[in-house]
K.L.:
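Mind looking over this structure? Questions follow.
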Amino acid sequence: MILEVKDLEFSYSSGRTIFEHVSFSLDKGRVFTILGRNGAGKSTLLNCLANLFVPNGGDILLNGVSMRSMKQKDVAKVIGYVPQVHIAAYAYTVRDFAVMGRTPYIGLVSNPRREDYEKVDKVLNELNIYHLRNKSYTEISGGERQLVTIARVMVQEPELILLDEPTAHLDYGNQLRAVRLIKRLAQRGFGVIVTTHDPNHAILLQDTVAILDRAGHLTTGRTEEMMTADRLSELYDIKLYLEYIERVRREVCVAEDI
Amino acid sequence: MQEMDRVNAEGAGKLSGANLSNGQYRAVLAAAVALLVAVMLAAICIGRYGVTPFNCVKILASNFFDVEPTWTKTMQSVVMVLRLPRVLTAALVGAGLAVSGAAYQSMFKNPMVSPDILGVSSGASIGACLSILLGMGAVVTQSWAFIGGMLAVLITAAVPRLMKNDSPVLLVLAGIITGGLMSSVLGIIRYLAMSYTADETVLADMTYWTMGSFSKAGAAEILSVAPVTLVAGAVLVLIRYRLNVLSLGENEAKTLGVNVSATQLVIILCSTLVTASCVCVSGTIGWVGLVVPHLARMVVGPDNRKTLPFSLVLGAIFMVIVDTLCRSISSAEIPVSIVTGLIGAPFYFYLLYRQRMSMR
């Protein structure tokens, strides 16, 4: 197992508990989709997994080693993180931005080498954004920026990739392309943990689904057992149906007439 | 705030169309170094007592080689005792302020900060002033300047953390708060000094010194601050790739494997050491640390592997020119900050205008 989360708990200093008794594990090549309402703590959970927040209880094991005992650099070789939005202060080129994914492998006083840039070029090619390589990160569209951030995490060569609502700022087409890309990341062997607000994304990803409820409990299971109309209606507190659509041969989550 | 950041970022995009290839960058850097040498040489020749460039080169060379003397004793001492230390000091201070400005700007992920805006310069000058008033020597004065500078930057950096808000504007406001506090404390020190000291020159020095000046820069002064400045500056140049990663923001730098707090501490320590040493020898000089890194980014792009060395050279060129103007425009010397402000302020307005920075 790349990742084992054991009885994880997080609460703010104010005493409000965000989640508790969270346990799950993830192997390479698998997709773990987290659903939850606004403010349920999905991002907080992801931040704990990324070693950005320190959980109040429980443990996170990476390949059997507790993350608490690991250096940030070694964590970064196992876990890569794609933030929801990257707010750029400086206009690095796409290549220079993506090559920063190589940081965990670069010494304190060294710079990225030719091999590092070769890795970047290969990944940019794979994502069909090689033509953007010399453009400023700030000149390209939101969808392209997200691809560049994913290129950065790919050259980081982690075993597990965390994506915080990767579809949040994308148009409809780009949302679906992002979901397809997540599937491809898993096929390439990365373990993937992704948070989303769209149940249909969880259905499309067809792997493990986790629901973080308001009480801060995480329920996990296979897509087919987790995605039921009752459970989703309860989660979002609105009447939802799962309808089988013959043309696409899968169930689709739809709302009642509003 | 996010909206502002986006506008900010897009502006930065417009500004740095320059993303030089490595070959182009090396050519530009070499040209800048050549320009620096030429400017320094010219600065040594220019002044009330003129020296021809030819004699100047020969006097400099005579320190290392046997050169047939074609110059007078006065020329020799003007070049070696007066002008060379002063020009070297100006170059060192310009380079130091520009490098620490570039480092702060990347580390705080904020192109609007600099040693003076963060309050570091005024904090350092409080420490130095106190130490000078108490009659301490150069090393003690430098240490106090460093402590004052550190105190100021830590106060400034603490404000956004306390408010749990990492907007670029808040950091600048925090700098204004710290800077305001520091200049009031400096005012108190001067007021007290006035009531207790009869020594007119000390007071005149202090006034002059808060506006920046190289008039006191001699061989002893430069030797006392150069080692610290060079070592701390070299550390910043060596770890400059980390500045790129830190400029993505703390969280992203962490997930990319950087030990953020340790790296930030090293960068703050080094930048503050450089600034404090500069303050000790020249007083507080505004604008250079803010404007020169921007100018460097316009020419070589935002990548700190290029921006930092280029800022260093550019800062040195800028300061040598400014100091030469200050001592040769009129019969009385003009404080350096007056000239850097006259050049820096309009230039910064031009940058803001081009970047269309929204200040909402």
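Below, chain A is the first sequence line, B the second, and so on; all start at residue 1.
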K.L.:
Quick one: which residues of residues 102-121 of chain A reach chain B at under 4.5 angstrom, heavy atoms only?
P.N.:
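Hits under 4.5 Å: A:T103, A:P104, A:I106, A:G107, A:L108, A:V109, A:S110, A:N111, A:P112, A:Y117.
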K.L.:
Heavy-atom distance under 4.5 Å between the side chains of A:Y92 and B:N304, does that happen here?
P.N.:
yes
K.L.:
Given the rule in the side-chain contact (heavy atoms from CB on, under 4.5 Å) test, do B:Y241 and A:V99 qualify, once you have shown the distances and angles that lead to the verdict?
P.N.:
CA-CA 11 Å; B:Y241 189 66; A:V99 85; 3.3 Å; yes
K.L.:
Roughly how far apart are A:Y90 OH and B:L243 CG, rounded to 0.5 Å?
P.N.:
9.5 Å
K.L.:
Between A:Q72 and B:G257, is there a donor-acceptor pair closer than 3.5 Å when you use the side chain of the first and the backbone of the second?
P.N.:
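No; judged by distance alone, with no hydrogens or angles, the pair does not exist.
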K.L.:
Measuring from B:N251:CG to A:Y81:OH, what's the distance to the nearest 0.5 Å?
P.N.:
7.0 Å
K.L.:
Under a 3.5 Å distance rule, please check whether A:Q156 uses its side chain to pair with a backbone N or O of B:T255 as donor and acceptor.
P.N.:
yes
K.L.:
Which value, rounded to the nearest 0.5 Å, describes the distance between A:L52 atom CG and B:E250 atom CD?
P.N.:
10.5 Å
K.L.:
Decide yes or no for A:K73 and B:V258: does some side-chain heavy atom of the first lie under 4.5 Å from some side-chain heavy atom of the second?
P.N.:
no
K.L.:
Under the side-chain contact (heavy atoms from CB on, under 4.5 Å) rule, what do A:V75 and B:K254 come out as? Steps first, then yes or no, please.
P.N.:
CA-CA 10 Å; A:V75 172; B:K254 248 188 204 172; over 6 Å; no
K.L.:
If I take atom CG from residue B:N244 and atom CE from residue A:M100, how far apart are they, to the nearest 0.5 angstrom?
P.N.:
4.5 Å
K.L.:
Report which part of B:Q105 has an atom under 4.5 Å of a heavy atom belonging to chain A: side chain, backbone, both, or neither.
P.N.:
both
K.L.:
For the residue pair B:E252 and A:V85, what are the closest heavy atoms and their distance?
P.N.:
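Closest approach of B:E252 to A:V85: OE2-O, 4.4 Å.
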